[in-house]
Amino acid sequence: MALDLSRFQSQGVETCFHDRHIGAQIYAGLNGSNWRLADYQARGGYKALRKILGVDGGEAMTTDQVVAEVKNSGLRGRGGAGFPTGLKWSFMPRALPVQKYLVCNSDEGEPGTCKDRDILMFNPHIVIEGMIIAAYAMGITVGYNYIHGEIFEVYERFEAALEEARAAGLLGNNILGSNFSFQLHAHHGFGAYICGEETALLESVEGKKGQPRFKPPFPASFGLYGRPTTINNTETFAAVPWIIRNGGQAYLECGKPNNGGTKIFSMVGDVEQPGNYEVPMGTPFATLLELAGGVKGGKKLKAVIPGGSSSPVLPAAVMMECTMDYDSISKAGSMLGSGAVIVMDETRCMVKSLERLSYFYAHESCGQCTPCREGTGWLHRLVQRLEHGQGRADDLALLDNVAENIMGRTICALGDAAAMPVRGMLKHFRDEFVHHVEHKTCTVAPYV
């Protein structure tokens, strides 16, 4: 079904958000201080919290009712894995008489992704409210928001929002006069991409080197400080207040089966209007590209990396047939991932592009696992050799082999994240790599 573009409203320069769901007010603060508590409340903020606590005369919702509503919404984790949020919340052992923790993963370091920092910068209270509701649903009294280290101004903005919420009785002991208490803190990282992996994030919060843990045990049973912990992405928490106010079924119906609600996509690369765009799940990629103004300079679309730099690239013909949801992108051979849509026009050399990506993953490997520590560097050196006219006839087979031997052999998914772009490029654009071997040059004009 064609998307009615009139339902989209521009909320700022190079930004367009759907007018019904979480992004509708994300950019309300672009032209002033509308991110503050009073402005958020004027837009209906914290009504969902008041609803579940029953502080306005209604009956309080039970924890089971809150979890059921989130399950009904079809909301899936917006950080990349796409795991059903309500199901994850049900794993928390609420009756266990120990300290339990809630963690928001705002360590947004995936190349091309810039949605979470904008949510926190321009509408921080929507994340705070979502986290309070989640804590209530799982019987949690302490939470942390781990914010990426290279966006310190976002950390400061979130701290200011926390102070407003505490002063208004929305955080702390006996929230809004109820018997529910929840303490929420911001934690500032230092820019390590690996800390976006949930267990490395937990290690960092504990003051240790940010390296992934073996799983099992999983965080739901052994998380922060060895206690039961639930971790969700920033955008995931931001979706919760709307779901509670309007019902899970209404959220589900905005998207499609198994892909409920809306999703914010960071449209970057060769588009006329780069920025964050919130659309219903299942929106055709062609529509999303149109919202971003089309391919920059009227050039032809060559390829798209649909879910951040770690997802396999898809050629233009395949991508134009896709809808933007987990199932469609997976069926096409890639992932929805972090929501960064990297658009590449006809002037882009795939070998040069892969050289840049492989450098990033070699640089960001924590070094804990041998296949990743050694393999990511090997991949980068091989691609660099190809790009600089020193490639050999057996290099492509070697690239394939190294990537295959990294996949599935590391504690966390960073090794897979480095290998999948290599395998995707070789699958769809192998002729360019062969040309580099045979002719020692790119098939397109060099670019910077």
Side-chain angles (χ1 to χ4, degrees), residues 110-113 266-271 274 285 289 294-322 329 332-335 337-338 340-364 375-404 406-407 415-448:
E110 182 89 353
T113 315
S266 301
M267 290 292 288
V268 298
D270 298 319
V271 292
F285 168 74
L289 183 62
V295 181
K296 191 173 183 178
K299 294 183 173 67
K300 292 181 180 179
L301 179 66
K302 180 175 183 177
V304 177
I305 303 176
S309 63
S310 61
S311 59
V313 67
L314 294 175
V318 174
M319 197 65 204
M320 292 300 287
E321 297 298 318
C322 288
I329 300 297
S334 191
M335 306 182 302
S338 65
V341 183
I342 303 173
V343 177
M344 307 168 79
D345 67 28
E346 59 190 322
T347 70
R348 298 297 172 177
C349 170
M350 294 296 106
V351 180
K352 179 65 174 178
S353 300
L354 184 59
E355 181 194 16
R356 292 183 175 182
L357 290 178
S358 60
Y359 171 79
F360 172 81
Y361 288 105
H363 181 269
E364 294 294 336
T376 54
W378 201 351
L379 288 176
H380 174 248
R381 289 190 295 273
L382 282 168
V383 180
Q384 186 179 49
R385 192 161 75 196
L386 287 165
E387 172 60 21
H388 292 277
Q390 300 166 354
R392 301 193 292 257
D394 59 350
D395 279 351
L396 302 192
L398 186 56
L399 265 178
D400 259 331
N401 183 263
V402 174
E404 183 179 355
I406 296 175
M407 288 284 294
D416 290 3
M420 285 189 290
V422 172
R423 306 188 83 180
M425 291 286 191
L426 289 176
K427 176 181 178 181
H428 296 294
F429 298 98
R430 198 177 191 92
D431 58 328
E432 290 195 32
F433 288 80
V434 171
H435 188 276
H436 273 72
V437 172
E438 294 179 349
H439 301 280
K440 313 301 182 185
T441 186
C442 297
T443 58
V444 296
Y447 68 93
V448 293

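We're numbering straight along the sequence, starting at 1. Owing to the predicted nature of the structure, the values given are computational and were not obtained by experimental measurement.
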Please give me the minimum heavy-atom distance between [X] and [Y], naming the atom from each residue.
| X | Y | value |
| --- | --- | --- |
| E432 | V351 | O-CG2, 4.0 Å |
| V383 | S358 | CB-OG, 4.2 Å |
| S309 | E110 | N-OE2, 3.1 Å |
| A417 | P421 | O-CD, 2.8 Å |

Does [X] reach the side chain of [Y], with side-chain heavy atoms less than 4.5 Å apart?
| X | Y | result |
| --- | --- | --- |
| K352 | M350 | no |
| F285 | L301 | yes |
| P312 | H428 | no |
| L379 | I406 | yes |
| R423 | E404 | yes |
| L354 | L386 | no |

Residues forming a salt bridge (Lys or Arg N to Asp or Glu O under 4.0 Å) with E364, sequence neighbours excluded: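 Expected list: none.
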
Mind checking the [atom1]-[atom2] spacing from [X] to [Y]? Nearest 0.5 Å is all I need.
| X | Y | atom1 | atom2 | result |
| --- | --- | --- | --- | --- |
| N401 | D395 | CG | CG | 12.0 Å |
| M407 | M420 | CE | CE | 5.5 Å |
| L314 | K427 | CG | NZ | 8.0 Å |
| I342 | S353 | CD1 | OG | 9.5 Å |

By side-chain hydrogen bond (donor to acceptor under 3.5 Å, both in side chains) - contacts of D416 (at least two apart):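 Expected list: none.
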
Test side chain to side chain contact (heavy atoms under 4.5 Å, CB included) on K300 and V295; report intermediate values, then the result. CA-CA 7 Å; K300 292 181 180 179; V295 181; over 6 Å; no

For H436 and F433, what are the C-alpha separation, side-chain angles and deciding distance, and is it a side chain to side chain contact (heavy atoms under 4.5 Å, CB included)? CA-CA 5 Å; H436 273 72; F433 288 80; 5.6 Å; no

Got a sec: does the NE2 of H363 have more than 12 other heavy atoms crowding it under 6.0 Å? no

Take a 6.0 Å sphere around NZ of K440 and say whether it holds more than 12 heavy atoms from other residues, nucleotides or ligands. yes

Taking the side chain from Y361 and the backbone from S310, do they hold a donor-acceptor pair closer than 3.5 Å?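 Answer holds: yes.
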
D270/K299 ion pair, N-O < 4.0 Å: no

